[in-house]
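Lettering of chains follows the sequences in order, A, B, ..., and the numbering in each one begins at 1.
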Amino acid sequence: MLMMSRREGETILIGDGIEIVIAHIGRTRVRVGIRAPRETPVIAREVKLVRDENRAAAATAPLPTALTGLIARLQPASAPRSGNPV
Amino acid sequence: MPSLDTKHLGRISWEPGSEIDFPRGLPGFEDRQRFVAVHFGHTDPLIFLQSLEDSALCFTTLPVRAVEPDYRLSIGDEDLVLMGLPKNRQPRIGEDVHCLAVLSFKEAAMTANLLAPVAINLKNLKAVQAVAQEGGYSHQHVLLAEEKAAACS
């Protein structure tokens, strides 16, 4: 992986079409500006993980009747915590 | 009472005021914005999030604290605003919001998405699937691995 040091306000160019600006450096977070062609999707990695996970979850949605075994295992495990709000 | 024939849950009906509104849908399902939370006594503590716009779309979920009793929310300001909640203060699970972890069933294990729990404002039923800002939670928290499942049965 290419590593570069940049100061606040400085820019990185990727190819001809993508520009990344270090807009603000906070104590624990960096604010980054991204200029990219409309057809280039730009999302945080976590959002992609969640999107893929949701698609997998929806594709495997099981029938309630198929969950009997799972529930039998869950109920004893969750019983001692039943005082907790959901 | 409105009702719907669903692919996974059969025919369901719900109180008109109990519809949950996801103003931005869920990641991967951005155009699915109206859901209901369905539970059956015999499948508790599972809660099924059924889309009202797609009868085949249903997420199986668990209350996040049934998965992780000490779960701490870290919802970003933008998501708080979408739910109509004040910024700069995390909502309390069970008092301000319901908080559900989406389950996924894979060959090797059943996992819960703790990275992005579904939060539902109890006052107005506006909801987001909010990517946690901190906490180091996994999007594939293993709930039940295959060997363990076999050993218990």
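- Heavy atoms closer than 4.5 Å to chain A are found in both the backbone and the side chain of B:Leu26.
- Linking Ile, Leu, Val, Met, Phe, Trp and Tyr residues whenever their side-chain heavy atoms come within less than 4.5 Å leaves B:Val64 and B:Leu115 in two separate clusters.
- Contact annotation for B:Tyr71: neither backbone nor side-chain heavy atoms come within less than 4.5 Å of a heavy atom of chain A.
- Only the side chain of B:Gln129 comes within less than 4.5 Å of a heavy atom of chain A; its backbone N, CA, C and O stay farther away.
- Under the 4.5 Å side-chain heavy-atom criterion for grouping Ile, Leu, Val, Met, Phe, Trp and Tyr, B:Leu46 is connected to B:Phe40 within one hydrophobic cluster.
- No more than 12 heavy atoms of other residues, nucleotides or ligands shown are found within 6.0 angstrom of CG on A:Asp16.
- Shown here is B:Arg72, whose CZ atom has no more than 12 heavy atoms of other residues, nucleotides or ligands within 6.0 Å.
- Closest approach of B:Leu57 and A:Ala58 over heavy atoms only: CD1-CB, 3.5 Å.
- With rounding to the nearest 0.5 Å, the separation of NZ in A:Lys48 from NE2 in B:His139 is 9.5 Å.
- The hydrophobic clustering, which links ILVMFWY residues whose side-chain heavy atoms are closer than 4.5 Å, places B:Phe105 and B:Val38 together.
- Connection of B:Val131 to B:Tyr137 is not established within any shared hydrophobic cluster, with ILVMFWY side chains joined at heavy-atom distances below 4.5 Å, either directly or through further cluster members.
- In terms of heavy atoms, A:Asn54 sits closest to B:Pro27 at ND2-O, 2.9 Å.
- Counting heavy-atom pairs closer than 4.5 Å to chain A, the top-ranked of the candidates B:Ala116, B:Ser104, B:Ala132 is B:Ser104.
- Separation of atoms CD (B:Gln133) and CD (A:Glu46) is listed at 8.5 Å; rounding is to 0.5 Å.
- Note on A:Ile25 and A:Met4: same hydrophobic cluster, where clusters join Ile, Leu, Val, Met, Phe, Trp and Tyr whose side-chain heavy atoms are under 4.5 Å apart, directly or indirectly.
- Annotation: side chain of B:Thr111 is in contact with side chain of A:Glu53 (closest heavy-atom distance under 4.5 Å).
- From A:Leu49, atom CG reaches atom CG of B:Asn113 across 9.0 Å, with rounding to the nearest 0.5 Å.
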